[in-house]
Amino acid sequence: MRLSKIKDLEKLNLAGCHLLTDEGIRNLPQKLKAIDLSLCQKLTAAAILHLPPHLTKLNLSWFNQLSIRAIIESLPEDLEELNLMCVIR
């Protein structure tokens with residue numbers, strides 16, 4: 001089952017999903033308000049561009065594939081809370 005079919009899903013924890021790719025991010029429900037993508041090591045800067053537009057809370061801690069600059073430049077406009085713990089680039 002694709003997560004995009006769960007239309008009213010607002011919070012999602014995918015922390016440590018080592019097989020999650022940028023393509024998987026494109027299929028997330030658009031009503032998501034909060035998502036934890038910490039330790040998702042296959043994601044790239046392209047994934048940030050495809051996050052649901054109305055996110056208010058985002059956890060990208062331990063995101064070693066991305067620079068802080070790439071993350072900041074691509075964030076959703078409605079974002080209120082961001083965790084970049086241990087993003088070292």
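The analysis underlying the following values was restricted to heavy atoms, covering all of them including side chains, and did not include hydrogens, waters or symmetry mates.
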Flag the pair Leu37 / Leu43 as yes when at least one side-chain heavy-atom distance between them is below 4.5 Å, and no otherwise.
-> yes
Donor-acceptor under 3.5 Å (Thr56 side chain, Lys33 main chain) = yes
Nearest 0.5 Å, what's the NE2-CD1 distance between His50 and Ile48?
-> 10.5 Å
Nearest heavy atoms of Leu28 and Gln30, plus distance in Å | O-NE2, 3.2 Å
Answer whether the closest heavy-atom distance between the side chains of Leu51 and Ile25 falls below 4.5 Å.
-> yes
From Glu73 atom CD to Leu49 atom CG, the distance as rounded to the nearest 0.5 Å | 10.0 Å
Can you measure from CG (Asn13) to OG (Ser38) and round to the nearest 0.5 angstrom?
-> 6.5 Å
So which heavy atom on Lys31 is nearest to which on Asp8, and how close?
-> NZ-OD1, 3.2 Å
With a 4.5 Å limit on heavy-atom distance, are the side chains of Asn59 and Ile35 in contact?
-> no
Taken to the nearest 0.5 Å, the spacing of Leu55 CG from Glu81 CD works out to 11.5 Å
Determine whether Leu82 and Leu84 make a side-chain contact, defined as any pair of heavy atoms from C-beta on separated by less than 4.5 Å.
-> yes
Please report the closest heavy-atom contact between Leu32 and Lys11, naming both atoms and the distance.
-> CD2-N, 3.8 Å
Please round to the nearest 0.5 Å and tell me the distance separating atom CG of Asp36 and atom CG of Asn83.
-> 8.0 Å
Which heavy atom in Leu19 sits nearest to a heavy atom in Lys42, and how many Å separate them?
-> CD2-NZ, 4.1 Å
Pro29 versus Pro52, closest heavy-atom pair with distance = O-CG, 3.4 Å
Thr44 and Asp22: side-chain donor and acceptor closer than 3.5 Å?
-> yes
Locate the shortest heavy-atom distance separating Leu20 from Cys40; write the atom from each residue and the value.
-> CD2-SG, 4.1 Å
